[in-house]
Amino acid sequence: MTKLILTRPDDWHIHLRDDLLLETTVPHAAQQFQRAIIMPNLKPPIVDVAQASAYRQRILAKVPKGLTFEPLMTLYLTAQTTPSMIKMAQESGIVFGCKLYPAGSTTHSENGVTDLQKLEKVLETMQEVAMPLLIHGEVTDTEVDIFDREAVFIDRILKPLIKKFPTLRIVLEHITTKDAVDFIKSTPENIAATITAHHLLINRNDLLVGGIKPHYYCLPVVKRKVHQEALLAAATSGNPKFFIGTDSAPHSREAKETDCGCAGIYTAHAALSFYAEAFESVQALDKLEAFCSFNGPDFYRLPRNSSKVTLIKEEWQIPKSYPFGKSEVEPFRSDTATAWKLSS
Ligand code: DOR
Ligand code: ZN
């Protein structure tokens with residue numbers, strides 16, 4: 001196959017950051033996607049409708065002329081979130097999910113949740129009004145090995161949560177393990193998962209063998225090859241519970257290439273090329289459209305897009321860096337040729 005025509009995809013999990021950085025991230029995202037679920041982990045985080053609405057306007061202001069891009073906003077759950085904030089969010093028409101960051105689990109999660117018990121009323125309201133709960137699924141217990149934190153989260157936190165709120169709509173974000181794939185497959189249809197392109201394309205050998213690659217470091221961290229294979233099988237299975245979510249998460253070069261580097265991989269510049277490469281690696285390009293363009297809107301109860309995008313099998317070289325405010329960001333795969341190109 002040398003040409004792919006797909007219903008225009010959406011990204012169900014992206015970090016665009018703010019202010020000057022939007023000048024890079026928004027045009028990249030808007031070239032690839034019609035809509036995107038925008039992560040709220042700014043500093044300070046987006047916690048209410050007023051902040052989400054202002055942030056949405058800042059994003060829209062950076063959409064290049066001639067492109068349409070719809071930011072689907074999310075709220076960051078904290079100990080201060082109330083049921084009435086959830087109701088307002090549901091009624092706003094601009095908020096499409098609330099994000100649960102266990103405090104300390106990842107970048108800018110320090111305002112996140114330490115005790116889920118305290119969120120009981122909030123979760124009850126989310127269940128009632130059908131607001132999706134988007135979860136960063138890792139425990140933060142220092143005793144738990146970093147490679148096991150997702151599997152332990154599923155057992156210790158997610159299973160009891162689902163038992164308590166059986167009809168709550170949940171997306172387990174950026175899954176990285178066979179454990180998560182098997183678990184999601186066993187759940188009812190109100191529970192789904194996103195999968196990133198980088199977790200389909202790299203495993204922990206790519207991160208660590210022959211020298212540490214800071215630009216391959218993200219959270220949840222990439223795992224063993226068997227997990228990468230399980231993710232590829234899930235993404236290409238046609239099961240509607242699995243859908244695209246890039247978790248494109250840019251950091252400046254200085255923040256990555258340092259003694260204590262930030263977690264996050266920037267993929268927004270060529271996300272669809274990466275997913276095409278991953279699907280092609282297991283001869284499953286015929287499953288790409290459902291994963292990228294159908295399963296997400298179906299889960300979020302939004303219409304599927306009607307316009308199309310075209311990917312062409314043509315080698316191209318991703319630049320070594322993109323401007324990123326006063327600094328630069330190193331994009332994923334800037335070191336190798338990329339096989340699929342989005343035609344403009
Ligand atoms: O690698 C990551 N980067 N994982 C996350 O969960 C957050 C993200 C970020 O915001 O940089
Ligand atoms: Zn994320």
Side-chain angles (χ1 to χ4, degrees), residues 10-19 21-22 24-25 28-29 33 36-46 55 59 71-77 96-113 132-140 146-147 149-150 153 170-177 180 193-204 206-207 212-223 231 243-258 260-268 271 274 296 324-325 327 329-332:
D10 308 298
D11 185 351
W12 301 97
H13 182 130
I14 193 169
H15 300 264
L16 295 177
R17 313 302 189 206
D18 206 353
D19 301 322
L21 308 182
L22 297 175
T24 300
T25 59
H28 281 161
F33 301 109
I37 284 274
I38 312 298
M39 286 297 121
N41 62 334
L42 302 184
K43 259 188 138 166
I46 300 295
Y55 183 31
I59 295 168
L72 309 175
M73 309 310 290
T74 60
L75 299 186
Y76 185 118
L77 295 174
F96 291 82
C98 295
K99 181 72 191 266
L100 173 67
Y101 283 110
S105 57
T106 187
T107 311
H108 303 166
S109 65
E110 49 283 353
N111 301 100
V113 174
L133 175 69
L134 317 183
I135 301 183
H136 183 107
E138 287 191 288
V139 291
T140 54
I146 190 167
F147 290 100
R149 290 182 175 194
E150 181 175 277
F153 182 91
I170 294 176
V171 184
L172 186 58
E173 300 287 353
H174 43 56
I175 58 169
T176 61
T177 55
T194 55
I195 304 179
T196 77
H198 47 277
H199 287 100
L200 295 175
L201 288 171
I202 60 174
N203 61 56
R204 68 193 203 181
D206 299 293
L207 173 69
I212 190 160
K213 321 287 187 319
H215 296 282
Y216 284 172
Y217 175 60
C218 63
L219 286 171
V221 68
V222 288
K223 308 291 191 304
L231 296 172
F243 48 85
I244 183 170
T246 64
D247 197 18
S248 175
H251 291 277
S252 68
R253 185 177 294 287
E254 309 80 79
K256 295 288 289 176
E257 298 174 6
T258 179
C260 185
C262 290
I265 298 179
Y266 188 58
T267 52
F274 300 143
F324 194 59
S327 179
V329 58
E330 181 169 314
F332 187 64

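Counting convention: from 1, in listed order, for ligands and their atoms alike. What you see below is based on every heavy atom in this structure, not just the backbone, and it leaves out hydrogens, waters and symmetry mates.
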TODO: Give me the one residue out of Phe332, Phe33, Tyr266 that meets ring pair (Phe, Tyr, Trp, His ring centres under 6.0 Å) with His28.
DONE: Tyr266

Task: salt bridge (Lys or Arg N to Asp or Glu O under 4.0 Å) against Glu254, all qualifying residues, sequence neighbours excluded - done: none

- [ ] Could you tell me the separation between the CG atom of Leu219 and the CD atom of Glu138, rounded to the nearest 0.5 Å?
- [x] 5.5 Å

Open item on the list: Which of the protein's N, O or S atoms come within less than 2.8 Å of the Zn ion (ligand 2), not counting waters?
Closed with: His13 NE2, His15 NE2, Asp247 OD1

TODO: Decide yes or no for Tyr101 and Asn111: does some side-chain heavy atom of the first lie under 4.5 Å from some side-chain heavy atom of the second?
DONE: no

TODO: Output all residues satisfying salt bridge (Lys or Arg N to Asp or Glu O under 4.0 Å) with Asp10, sequence neighbours left out; order by chain, then residue number.
DONE: Arg35

- [ ] Taking only heavy atoms of the protein into account, state which residues are under 4.0 angstrom from an atom of ligand 1, in chain and number order.
- [x] His15, Arg17, Asn41, Thr106, Thr107, His136, His174, Cys218, Leu219, Asp247, Ala249, His251, Ala263, Gly264

Task: Sub-4.5 Å side-chain heavy-atom contact between Phe96 and Thr74 - done: no

Open item on the list: Nearest 0.5 angstrom please: Thr194 OG1 to Ile244 CD1, how far?
Closed with: 10.0 Å

- [ ] For residues Ala103 and Glu110, report the shortest heavy-atom separation together with the two atoms involved.
- [x] CB-O, 4.4 Å

TODO: With the side chain counted from C-beta on, respond yes when Thr196 and His13 share a heavy-atom pair under 4.5 Å apart, and no when they do not.
DONE: no

